[in-house]
Amino acid sequence: MLDIKFIKDNYNIIKEAVKNKKENIDIDKLIELDDKRIQLSKDVDTMRSEKNILSRSIKELNKDSDAFIRNINESKGLGENIKDLETKLRDIKDEIRKLSLWVPNIPHRSVPVGSASSNIIVKEWGDKREFDFVPKNHMELIKNNHLVDFERGSKIAGSHFPCYIGLGARLERALINFMLDYHTIKHNYTEMFPPFLNSKETLTGTGQLPKLEDDMYYIEKDGLFLNPTAEPPVTNFHRNDIIDEEILPIYYTAYTACFRREAGSYGKETKGLKRVHQFNKVELVKFTLPDDSYEEQEKLLGDAEDILKALNIPYKVMLLSTGDMTFASSKTYDIEAYAPGSKEYLEVSSISNFEDFQARRMNIKFRSNQDNKVHYVHTINGSGLATPRTFITIIENYQQRDGSIKIPEVLKPYMGGMEIIECI
RNA sequence: GGAGGGAUGGCUGAGUGGUCGAAAGCGCGCGACUCGAAAUCGUGUUCAGGGCAACCUGACGAGGGUUCGACUCCCUCUCCCUCCGCCA
């Protein structure tokens, strides 16, 4: 959410942002409504002021005097008029609030304008492995080593709910633990284990609602949504807080299962682990001072990259263009890891700076040492990393001629010292 | 699920119908004292909307009601705490 004053003062910038992000929101209507709000508010204030004066005078008057009766009656009349206007004012405020939730964040000036084709590769790391045999894709490797049972997952919950089994389940758990340990020990993040269900308010705070309502699982009976990513619960941890400047920046990392309906995305990428309804992810979230957020975003990007470096998996980093980034973000990097079996790059992380966009929705502030006043913090988050696609790139990169899979050095301790996942 | 207690400023916590936006304390800002610091003393310090400003208006969990007037009385809801029941 952006400040309505800011929207008015930066009319052209906002119009541009809405267009570049391919959003559909009537800014002019919003401004018109706010002008109406101000006028109405002035009218109400004037009437209330009159009423207050009357009330105060009544206290001083003799109960039997004509003035007493007259003032009470006048005050009653005013009260009805005020109530009337207040209802109108309230409706307008509600409408403004609702509309405001659809105004996207403004892309940072370093972000390229355009659609996905305008994304920029900002970094490439690692050498693609040379195979002296034809590398298999993850589906074959999973099948050969019986790591995930897709059919039985479907039996339990429906298609695209994979069921990890045996060493596949072990590898998944190893990966999660490795990533959490890495971020807490080497990168100084505080671990959080949040609820997997989120209220409407929580999801509105981070910006998933209202826009992405159809992409989440909703439990009607309790009015709760299944967690689509750890970003909502972890960021809302500080909703309505005023944070001491001294303890900023705050770093959190959290493992959560993630649930997504992936409505409308069937057709492509539906085989195997690439796009599923339930998956695991380790998330990184930061709360920072406004001046530090872009530097902290670069650092967070590096923290996520470190996981792929430790696993020795080649990757590239993309700077997303205005049309490809999310609604709430002002700048987003994607990390894409290389899967040699299918010879493609898979998105394993998305790192976004939201500036004060989410903080404003969630009312998260800090007290500044400079002016002793409260200001909004900046929030940043990114996956560090999402497991299914990381799982894919691990098994495809570490596969051997006989179809077995070597275990990456850093994961061995988490696999009980095991060296290799053998074919069955 | 049942019974009871609570929600007030950055924090703790008074306030039970009329200058209460709110005592007191803590914290924080500024000043004095000091070579400097601590301690002490003085002083300031809620947020939001409107206005160039003086100032006006609103907000004591949220929404509604009673009243000329509500932090104070009534109703509904949310959240927290305690006890009982049930249960992985």
Side-chain angles (χ1 to χ4, degrees), chain A residues 1-9 30-100 193-205 209 219-225 232-233 236-248 250 257 287 289 356 359-377:
Chain A
M1 186 162 58
L2 299 169
D3 185 9
I4 185 74
K5 277 186 194 160
F6 181 85
I7 292 174
K8 282 176 161 175
D9 292 344
L30 189 59
I31 289 173
E32 192 185 305
L33 278 172
D34 195 60
D35 289 340
K36 239 162 121 183
R37 192 210 95 227
I38 289 172
Q39 187 51 51
L40 208 48
S41 176
K42 277 182 191 167
D43 294 347
V44 173
D45 283 357
T46 311
M47 289 168 83
R48 277 205 274 239
S49 181
E50 284 171 31
K51 190 166 189 288
N52 286 340
I53 291 166
L54 280 175
S55 264
R56 264 171 260 154
S57 77
I58 285 166
K59 185 170 63 147
E60 315 293 336
L61 290 171
N62 187 327
K63 273 191 180 161
D64 300 322
S65 68
D66 290 348
F68 183 84
I69 311 284
R70 205 185 323 119
N71 284 2
I72 283 185
N73 285 336
E74 202 178 323
S75 182
K76 271 186 184 170
L78 269 172
E80 276 163 37
N81 289 340
I82 289 172
K83 201 170 279 181
D84 211 47
L85 284 187
E86 274 176 340
T87 309
K88 282 185 190 155
L89 186 59
R90 175 104 147 265
D91 290 348
I92 283 196
K93 280 182 174 171
D94 281 354
E95 210 176 331
I96 289 172
R97 166 85 187 170
K98 269 185 207 142
L99 265 183
S100 299
F193 204 148
F196 287 1
L197 296 181
N198 295 305
S199 69
K200 210 166 185 168
E201 203 180 352
T202 293
L203 289 160
T204 305
L209 287 178
I219 301 169
E220 202 163 343
K221 197 170 179 185
D222 301 285
L224 294 169
F225 292 84
N236 276 273
F237 186 78
H238 285 299
R239 189 170 73 220
N240 291 327
D241 278 358
I242 294 177
I243 301 168
D244 283 342
E245 181 171 346
E246 284 73 29
I247 61 173
L248 292 172
I250 300 172
F287 298 83
L289 291 172
D356 65 3
R360 200 178 286 281
R361 286 181 173 224
M362 281 177 288
N363 193 29
I364 304 176
K365 297 175 173 176
F366 71 97
R367 188 169 289 281
S368 166
N369 291 334
Q370 249 107 62
D371 57 10
N372 208 28
K373 288 202 179 293
V374 290
H375 304 280
Y376 290 109
V377 300

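Below, chain A is the first sequence line, B the second, and so on; all start at residue 1.
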Whole-angstrom distance between B:C73 and B:G18, as gauged at atom C1':
15 Å
Identified side-chain contact (heavy atoms from CB on, under 4.5 Å) counterpart of A:I364 within the set A:R360, A:R361, A:M362:
A:M362
List, with names and distances, any nitrogen or oxygen atoms from the protein found under 3.5 Å away from nitrogen or oxygen atoms belonging to nucleotides 28-31 of chain B.
residue : atom : partner : partner atom : Å
B:C28   : O2'  : A:N372  : OD1          : 3.2

Would you mind reporting whether A:D43 and A:Q39 have side-chain heavy atoms less than 4.5 Å apart?
yes
Could you walk me through whether A:L224 and A:S199 pass the side-chain contact (heavy atoms from CB on, under 4.5 Å) check?
CA-CA 5 Å; A:L224 294 169; A:S199 69; 4.2 Å; yes
Under the rule of Watson-Crick or G-U wobble with both distances under 3.5 Å, where | means paired to another strand and [ ] a crossing pair, RNA chain B maps to (((((((..(((.....[.....)))((((((.......))))))(((((....))))).(((((..]....))))))))))))....
Given the C1' atoms of B:A70 and B:G21, what is the spacing between them in whole Å?
14 Å
Suppose you measure atom C1' in B:U19 against the same atom in B:C71; what distance do you get, rounded to whole Å?
15 Å
Using whole Å, report how far CG of A:D241 lies from C1' of B:C11.
13 Å
Nearest 0.5 Å, what's the CG-CG distance between A:L209 and A:N198?
9.5 Å
Is any side-chain heavy atom of A:V377 closer than 4.5 Å to one of A:D356?
no
Give me the distance, rounded to whole Å, that separates B:C60 from B:U72 when you measure between the P atoms they each carry.
8 Å
Taking only residues two or more places apart in sequence, or in another chain, which ones meet A:F237 in a ring-ring contact (aromatic ring centres under 6.0 Å, His included)?
A:Y252
Any side-chain N or O of A:K93 below 4.0 angstrom from OP1/OP2 of B:G58?
no
How far, in whole Å, is B:A3 from B:C77 if one measures between their P atoms?
12 Å
What residues 72-82 of chain A contributes to the RNA chain B interface at heavy-atom separation below 4.0 Å is A:I72, A:S75, A:K76
Look up atom CD in A:E220 and atom CZ in A:F225, then write down how far apart they are to the nearest 0.5 Å.
10.0 Å
Listed by chain and number, what are the salt bridge (charged side-chain N to carboxylate O under 4.0 Å, His left out) partners of A:K42, not counting sequence neighbours?
none
If every non-hydrogen atom of A:P233 is compared with every non-hydrogen atom of A:P194, which pair is closest and at what distance?
CB-CB, 3.7 Å
Interatomic distance where CZ belongs to A:F68 and P belongs to B:G69 [whole Å]:
12 Å
I need the CD-P distance between A:E86 and B:G64, as an integer number of Å.
9 Å
What nitrogen or oxygen pairs link the protein and nucleotides 72-80 of chain B at under 3.5 Å?
none

Check whether any side-chain heavy atom of A:F366 sits under 4.5 Å from a side-chain heavy atom of A:L289, and report yes or no.
yes
Whichever of A:R367 and A:D3 has the more 5' nearest nucleotide on RNA chain B, that residue is A:R367
C1' gap between B:A62 and B:U78, integer Å:
7 Å
Rounded to whole Å, the CD1-C1' distance (A:I53 to B:C68) equals 14 Å
Kindly write out the residues that satisfy salt bridge (charged side-chain N to carboxylate O under 4.0 Å, His left out) with A:R56, not counting sequence neighbours, or none if the list is empty.
none
Rounded to whole angstroms, how far apart are CG on A:N240 and P on B:U8?
13 Å
For A:R90, which contact category applies under a 4.0 Å heavy-atom criterion: base, sugar-phosphate, or nothing?
sugar-phosphate
Atom CG of A:N71 and atom P of B:C68 are separated, to the nearest Å, by 13 Å
Can you check side-chain contact (heavy atoms from CB on, under 4.5 Å) on A:R367 and A:H375, steps first, answer last?
CA-CA 6 Å; A:R367 188 169 289 281; A:H375 304 280; over 6 Å; no
Could you state the CG-P distance from A:L89 to B:A59, rounded to the nearest angstrom?
12 Å
Just wondering, do A:S100 and A:L2 contact through their side chains at under 4.5 Å, heavy atoms?
no
Rounded to the nearest 0.5 Å, the NZ atom of A:K51 sits from the OG1 atom of A:T46 at a distance of 15.0 Å
Does A:K51 place a side-chain N or O at less than 4.0 Å from the phosphate oxygens OP1/OP2 of B:C68?
no
Please report the distance, rounded to the nearest Å, between CD in A:E245 and C1' in B:G27.
15 Å
Which donor-acceptor pairs under 3.5 Å do side chains of residues 239-248 of chain A form with protein atoms, sequence neighbours excluded?
residue : atom : partner : partner atom : Å
A:R239  : NH1  : A:T202  : OG1          : 3.2
A:R239  : NH1  : A:N236  : OD1          : 2.9
A:N240  : OD1  : A:N363  : ND2          : 3.2
A:D241  : OD2  : A:H238  : ND1          : 2.9
A:E245  : OE1  : A:N369  : N            : 2.5
A:E246  : OE2  : A:N369  : ND2          : 3.0

Under 3.5 Å between N/O atoms: give me all the protein pairs with nucleotides 16-18 of chain B, atom names plus distance.
residue : atom : partner : partner atom : Å
B:G18   : O2'  : A:K59   : NZ           : 2.8
B:G18   : N2   : A:S55   : O            : 3.3

Check this one for me: any side-chain N or O of A:R48 less than 4.0 Å away from OP1 or OP2 of B:C68?
no
Measuring from atom CG of A:L30 to atom CZ of A:R37, what distance do you get when rounded to the nearest 0.5 angstrom?
10.5 Å
Could you tell me how far B:U16 sits from B:G61 if I compare only their P atoms? Round to whole Å.
15 Å
Going by side chain to side chain donor-acceptor pair (under 3.5 Å), name the pairs with one or both residues in residues 70-94 of chain A, residues two or more places apart or in two chains.
A:R48-A:E86, A:S57-A:N71
Give, ordered by number, those residues of residues 37-44 of chain A having at least one heavy-atom distance below 4.0 Å to an atom of RNA chain B; if nothing qualifies, reply none.
A:R37, A:I38, A:K42
Taking the same atom, P, in B:A22 and in B:C55, what whole-Å distance lies between them?
14 Å
Mind checking salt bridge (charged side-chain N to carboxylate O under 4.0 Å, His left out) for A:D35 and listing every partner two or more places apart, or none if nothing turns up?
A:K8
Nearest to the side chain of A:K373 - B:C47, B:G58, B:U66?
B:C47
Contact between A:L99 and A:I96 at the side-chain level, heavy atoms closer than 4.5 Å - yes or no?
no
OP1 or OP2 of B:G58 sitting under 4.0 Å from any side-chain N/O of A:N52?
yes
